[in-house]
Amino acid sequence: MQTVLLMGFEPFDQDPVNPSWEAVRQLDGVQLAEGVQIAARRLPCAFSTVGKCLTGLIAELRPAMVIATGLGPGRSDISIERVAINVNDARIPDNLGEQPIDTAVVVGGPAAYFSTLPIKAMVKALRDAGVAASVSQTAGTFVCNQVFYLLQHALVGTDVRSGFIHVPNLPEQVADTGQASMPLVTTVEGLREAVRVAWSTEVETVQSGGQIS
Ligand code: PCA
């Protein structure tokens, strides 16, 4: 049996829930193809502990593909991230009260890593399935970007594909602000399709996912 490791985050910034974990937990055990199963795991939202957790999961599960997900407050669609950068610059403290500013994720590491997932094929498949999705050019500079960078750093040179997806808030999280949101059922279906396509796509789709600025 091969494993696709799919991760979501614990709540942060005083939110009682994190839709990334609420969604991926529903996909735990889902069979993607014959002999391929999703294992869903939750990550801590803390700069100092999340790396150990990530490498521990990779060592334990020996996954054939890894996708991490997190909440992107304000995102209006399933955002397939293109690039992780070697910078921590926290606007708010993490769940352990740490707020690194302009530190490296990996001292001496490359400036950035690209996702090794077929990000254009994933966006196309989600849109074809009626789920709003786009390529995102930045995963931010908080814990999600750190995890994305550490993930790509850990798997560079292997044939294990990996990447990161940001998901929107749940409607109930933004009832008082009117920010963008996506119902949980849509996020779950979007992530299921994203993982399925990431697993089964051998040749990336050629289609613009760019932005002017
Ligand atoms: N989102 C945050 C960290 C945890 C999460 O779900 C981020 O985008 O960095």
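Sequential numbering from 1 along the given sequence is applied to the chain's residues. Note that ligands are numbered from 1 as they come in the structure, with each ligand's atoms numbered from 1 the same way.
- Looking at Glu10 and Asn95, their side chains do bring a donor and an acceptor atom within 3.5 Å of each other.
- A donor and an acceptor atom, one from each side chain of Ser181 and Asn169, are nowhere located under 3.5 Å apart.
- Between the side chains of Gln173 and Asp15, at least one donor N or O lies within less than 3.5 Å of an accepting N or O.
- Closer than 4.0 angstrom to ligand 1 by heavy atom are Phe9, Phe12, Asn18, Cys45, Gly70, Leu71, Phe142, Val143, Cys144, His166, sorted by chain and number.
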>> What verdict does the ring-ring contact (aromatic ring centres under 6.0 Å, His included) test give for Phe148 and Tyr113, after you've listed the backbone C-alpha separation in whole Å, the side-chain angles of each residue and the deciding distance to 0.1 Å?
In response: CA-CA 9 Å; Phe148 185 15; Tyr113 284 109; 9.1 Å; no
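- Using a 4.0 Å cut-off between charged nitrogen and carboxylate oxygen, Glu81 and Arg75 count as a salt-bridge pair.
- Inspection of the Thr3 and Gln37 side chains reveals no N or O donor paired with an N or O acceptor under 3.5 Å.
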